[in-house]
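Owing to the predicted nature of the structure, the values given are computational and were not obtained by experimental measurement. Hydrogens, waters and symmetry mates play no part in the numbers below; they use all other heavy atoms, side chains included.
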Amino acid sequence: MTSTASSMDSTDIQQGQAPHEQRPSWQQRLRRFGYTAAPRGDVRDQLVPPYVRPSPRMWQFLGISQPLAERVARWSAWGGPLLVTLLAGVLRFWNLGNPRKVIFDETYYAKDAWALVHRGFEVDWDKNANDLVLRLGDQVPIPTDASYVVHPPVGKYVIGLGELIFGFDPFGWRFMTALLGTLAVLMLCRIGRRIFRSTFLGCLAGTLMAVDGLAFVMARTSLLDGVLMFFVLAAFGCLVIDRDRARERLAAALPVDPDGRVRPDAHVAETLRLGWRPYRWLAGLMLGLAIGTKWNGLYFLVAFGLLTVLWDVGARRVAGAHHPYTAVIKRDLGLAVLATVPVAIVTYLVSWTGWILSSTDGSGGYYRDWATANGRSSNWSWLFPDWWLSLWHYEHQVYDFHVGLSSPHTYQSNPWSWIVAGRPVSYFYESPTPGKDGCPVDAGEKCAREVLALGTPLLWWVAAFAVLYVLWRWLFRRDWRAGAIACGIAAGYLPWFLYQERTIFFFYAVVFLPFLCLAVAMLLGAIIGPPGSSDTRRVAGATGAGVLVLLIAWNFIYFWPLYTGQAIPIDDWRSRMWLDTWV
């Protein structure tokens, strides 16, 4: 069984300890008499740590031959994540069109998406349009008057793609969020494998996300936050791949000593240019799509931008640079900024193409005619096209709306309660009588049928401790993996504390949920223990971690009826309301 502890030996603080610049002279003299240095990790192993390999004792215990074991280990790199993804996909696509209702904010995004893919901008739907949509589907007439919306168009285009393929019905408008929610599990497995250097821990992180109630409900509902989470996680994954490839190139350029070990070199570490780094550009594209889904993607642009630059500093320091910050500023910073910020901005602007190309005579997108109708009040306005001025005005109005949103809502919550799932959001609730809408005939009194955006409680409560663990690993052990996980959590979580008076909801937390799962996987890896531990220690750790994972899976199954809108007797529903704030 693999664990995180073995890869903990490859953190930047340990990699960054000053290596010997040259071998002691007595060892050099003994080489002529056949002296061979004891094998130990070189700078390449510190820059690009090897992946954890399962213990030979495990294969012997299972009765698997060495050649077959090698083949299994090789195929598990993709086979394990794909199996976890298959589980996640089956769960998310099962009975996806149920309930056949317009639930919660689907009343906005499903219809806006349909308008966008047909007209290029959102329109003003009638108040009774939901019933008409459920009855007529694709044949429903699309209004012509533009509507004022407060979120960019990317997420709605994504939802609209599913509607174009499968129709204007609940399955159609939930298809793409379910698909992205499933692919996010695959990405998390692979990202976890790469940063922990362990297929087991990567698949564990993906499995935790597959059985989290909030991730599950968000994947089965056409809201924007699940789409935002996908693009943020994709950007993070691209930067992790870029980190590995940049360090591989740096390691390949370093000199090799007579024993075949890669040695640090200050000149190489401070002068080598690492090229255009395509995965960093791809990360910029993903971040642009994230911002084009919801504006809080901006925080990830800033956080991930700083993170990738600090990764470069750490890599050049390990490679022997005496002035790693100066080297990064000279060799890496310019392209790093160019690959993220301008790419993200251009991507965001391109996402508004449908609105930009709409008419300026008042029949186009909302505020599209603002510059034409209001003239050019600034002396410098002649430098900008009408669409730019109109879009700038639109964005300013949207910003004022967001920062001033304080209308009370039954299910709003303070971000302090998110980490313990203190106030979930009910997307849908009905009280069918016995014998109707799935309510058992012998239920006695009425049933409850609900779709509740509630994270799997045990997972979130464990995650609260896991966050403390990764902060400790980062602050006191300088573990880069813990720092990366903490960065993702902070970028998605901390900004909401600036708006505690604003109307905000627990389901916003889905954007940093993958990083919580990585934190829990890292904690469980520490519980299992390092490979060098005694058998008693490893068995005890694996048993404890395994029991905890099984309890989380059971917890997900227990709340399954509340995640899927199944009718259950009202007493069974009450038994699942563990906290008063969940009602």
Side-chain angles (χ1 to χ4, degrees), residues 116 120-122 149-158 224-225 227-242 275-312 328-329 332-358 364-368 370-371 376 378 380-403 487-488 490-492 495 498 511:
L116 268 176
F121 56 91
E122 296 88 342
V149 295
V150 294
H151 291 300
V154 170
K156 288 167 279 190
Y157 275 120
V158 170
L224 301 181
D225 299 85
V227 181
L228 171 64
M229 177 271 291
F230 174 84
F231 288 130
V232 165
L233 185 60
F236 181 75
C238 289
L239 292 177
V240 171
I241 296 174
D242 170 75
W276 287 89
R277 303 170 68 168
Y279 276 97
R280 185 175 266 173
W281 291 79
L282 186 57
L285 174 64
M286 294 296 107
L287 289 168
L289 293 173
I291 299 168
T293 301
K294 292 189 78 172
W295 276 7
N296 48 316
L298 280 166
Y299 294 108
F300 289 95
L301 175 63
V302 175
F304 288 174
L306 292 174
L307 182 67
T308 187
V309 170
L310 291 176
W311 283 349
D312 285 346
V328 167
I329 292 173
D332 303 317
L333 186 59
L335 277 179
V337 174
L338 183 64
T340 51
V341 178
V343 171
I345 293 174
V346 170
T347 302
Y348 179 82
L349 292 176
V350 170
S351 72
W352 284 88
T353 299
W355 181 90
I356 292 170
L357 296 179
S358 66
Y366 201 87
Y367 277 139
R368 181 61 186 89
W370 182 86
R376 296 174 175 269
S378 170
W380 300 98
S381 60
W382 61 273
L383 291 172
F384 304 99
D386 283 355
W387 68 264
W388 176 272
L389 297 174
S390 297
L391 182 59
W392 183 267
H393 177 74
Y394 196 167
E395 303 285 63
H396 186 270
Q397 297 300 308
V398 169
Y399 175 79
D400 288 343
F401 169 85
H402 281 304
V403 298
C487 177
L498 301 174
V511 70

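Atom NE2 of His151 sits about 10.5 Å away from atom OG1 of Thr293, to the nearest 0.5 Å. Note that CG of Asp312 and CG of Asp332 are 4.5 Å apart. Values are rounded to the nearest 0.5 Å. With rounding to the nearest 0.5 Å, the separation of CG in Asn296 from CD1 in Ile291 is 10.0 Å. Atom CZ of Phe300 is separated from atom SG of Cys487 by 8.5 Å, given to the nearest 0.5 angstrom. The distance from the OH atom of Tyr366 to the CZ atom of Phe121 is 13.0 Å, given to the nearest 0.5 Å. Rounded to the nearest 0.5 angstrom, Leu289 CG and Tyr157 OH are separated by 13.0 Å.
Considering only heavy atoms from C-beta on, Val154 comes within 4.5 Å of Phe231 through its side chain. Counting only heavy atoms from C-beta outward, the side chains of Tyr394 and Val149 approach each other to under 4.5 Å.
Using modelled atom types and a 3.5 Å distance limit, the side chains of Thr340 and Arg280 yield no donor-acceptor pair.
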Inset, instruction - List the steps, then state whether side chain to side chain contact (heavy atoms under 4.5 Å, CB included) holds for Leu310 with Val328. - result: CA-CA 9 Å; Leu310 291 176; Val328 167; over 6 Å; no
Inset, instruction - Tell me, with the steps shown, if Leu357 and Trp387 meet side chain to side chain contact (heavy atoms under 4.5 Å, CB included). - result: CA-CA 9 Å; Leu357 296 179; Trp387 68 264; over 6 Å; no
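Panel note: side chain Ser351, backbone Gly292; no donor-acceptor pair is recorded below 3.5 Å. Distance alone, capped at 3.5 Å, is enough to place a donor-acceptor pair between the Ser390 side chain and the Arg368 backbone.
Legend: residues meeting side-chain hydrogen bond (donor to acceptor under 3.5 Å, both in side chains) with Tyr348, ordered by chain and number and at least two apart, are Trp295, Trp352, Glu395. By the side-chain hydrogen bond (donor to acceptor under 3.5 Å, both in side chains) test, Asp242 is found to be paired with Arg277, residues two or more places apart in sequence or in another chain being considered.
A distance below 6.0 Å separates the ring centres of Phe236 and Phe304.
Here the closest non-hydrogen pair linking Leu285 and Thr347 is CD1-OG1, 3.5 Å. Smallest separation of non-hydrogen atoms from Pro495 and Ala490: CD-O, 3.2 Å. Between Leu335 and Trp281, the closest heavy-atom pair is CD2-CZ2, 4.5 Å. In terms of heavy atoms, Leu116 sits closest to Lys156 at CD1-CB, 3.4 Å. Residues Val343 and Gly284 come closest through the heavy atom pair CG1-C, 3.6 Å. Of all heavy-atom pairs between Pro152 and Lys294, the closest is CD-CA, 4.3 Å.
The 12-atom threshold is not exceeded at NE2 of His396, counting heavy atoms of other residues, nucleotides or ligands nearer than 6.0 Å.
Using cut-offs of 30° and 60° on the angle between ring planes, the pair His393 and Tyr367 is perpendicular.
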